[in-house]
Amino acid sequence: QAQLVESGGGLVQAGGSLRLSCAASGRTSSSYAVGWFRQAPGNEREFVAAITWSVGYIYYADSAKGRFTISRANAENTVYLQMNSLKPEDTAVYYCAAKRAPGPLKNVSTYDYWGQGTQVTVSS
């Protein structure tokens, strides 16, 4: 069983930056993709970005494109989400998740493993 642990969340002013980390342990496979999702209170969980573990194909939600960067460090089984130009509407709990790489990467229901989440709060 793969386990995912997010870190790096916190409180930041609008326009600031944060880097989130997702560390994987247990069973790992190069066939997996890792995605970042977020969920604000009262809202459904929303796709942010994803990267395939081996090839490195990257997909961004429109809300993240141009501001967020997803990357991976294969040797330490870690995926990062660099978030710049943060806005108050980015406030949410951010989760990383893993799935088998084949198929769409933006659907919450297709991910098998989830981290515990890390809170990101962007103040005005």
Side-chain angles (χ1 to χ4, degrees):
Q1 282 280 356
Q3 295 182 350
L4 306 173
V5 178
E6 305 96 333
S7 61
L11 175 64
V12 64
Q13 291 185 329
S17 299
L18 286 172
R19 188 179 73 162
L20 307 183
S21 299
C22 175
S25 61
R27 296 178 183 175
T28 59
S29 173
S30 62
S31 67
Y32 277 91
V34 175
W36 284 98
F37 297 80
R38 66 188 184 186
Q39 188 167 21
N43 292 346
E44 295 183 342
R45 195 162 295 185
E46 175 189 27
F47 171 78
V48 177
I51 186 169
T52 61
W53 195 264
S54 59
V55 179
Y57 292 141
I58 293 173
Y59 302 89
Y60 292 107
D62 289 342
S63 60
K65 188 175 182 179
R67 299 188 300 126
F68 295 0
T69 302
I70 189 170
S71 61
R72 71 193 192 282
N74 290 342
E76 53 200 25
N77 291 334
T78 301
V79 173
Y80 302 98
L81 184 68
Q82 178 68 45
M83 304 188 295
N84 299 324
S85 301
L86 284 164
K87 305 173 182 179
E89 51 262 46
D90 295 318
T91 296
V93 176
Y94 283 70
Y95 299 88
C96 66
K99 69 181 293 291
R100 292 287 186 176
L105 300 178
K106 301 180 179 181
N107 298 327
V108 171
S109 62
T110 65
Y111 283 76
D112 301 310
Y113 306 100
W114 293 84
Q116 83 289 347
T118 184
Q119 177 71 47
V120 171
T121 302
V122 184
S123 63
S124 300

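This one's a predicted model, so the numbers in the text were calculated from it and none came from an experiment.
Summarising the geometry, atom OG1 belonging to T78 is positioned 12.5 Å from atom CG belonging to L20; distances are rounded to the nearest 0.5 Å. Going from atom CZ of F37 over to atom CG of L81 covers 12.0 Å, rounded to the nearest 0.5 Å. Note that CG of L105 is 11.0 Å distant from CD1 of I58, once rounded to the nearest 0.5 Å. Distance check: S63 OG to F47 CZ gives 9.0 Å after rounding to the nearest 0.5 Å. A distance of 13.0 Å separates OH in Y95 from CD in E46, rounded to the nearest 0.5 Å. To the nearest 0.5 angstrom, Y59 atom OH is 7.0 Å from T52 atom OG1.
Here the closest non-hydrogen pair linking Q116 and L4 is OE1-O, 3.8 Å. Looking at every heavy atom in both residues, Q119 comes nearest to T91 through NE2-CG2, 4.1 Å. Closest heavy-atom contact between V34 and C96: CG1-CB, 4.5 Å.
The side chain to side chain donor-acceptor pair (under 3.5 Å) contacts involving residues 10-20 comprise S17-N84, where partners must be two or more places apart or lie in separate chains. Among pairs with a residue in residues 104-114, none fulfils side chain to side chain donor-acceptor pair (under 3.5 Å), at least two apart in sequence or across chains.
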Side chain to side chain contact (heavy atoms under 4.5 Å, CB included) assessment of V79 paired with W36: CA-CA 9 Å; V79 173; W36 284 98; 3.7 Å; yes
D90/R67 under side chain to side chain contact (heavy atoms under 4.5 Å, CB included): CA gap, chis, key distance, verdict: CA-CA 11 Å; D90 295 318; R67 299 188 300 126; 2.7 Å; yes
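Both tests pass for R100 against the ring of Y32: distance under 6.0 Å to the centre and angle within 45° of the axis.
Using a 4.5 Å cut-off on side-chain heavy atoms (C-beta onward), V120 and R38 make no contact. Side-chain atoms of L18 and F68, non-hydrogen and from C-beta on, never get closer than 4.5 Å to each other.
Side chain of Q82 to main chain of T69: no donor-acceptor pair is present (N/O by atom type, distance under 3.5 Å, no hydrogens or angles). Here the side chain of Q39 pairs no donor or acceptor atom with the backbone of A92 at under 3.5 angstrom. Side-chain N or O atoms of E6 include one that pairs as donor or acceptor with a backbone N or O of G117 at under 3.5 Å.
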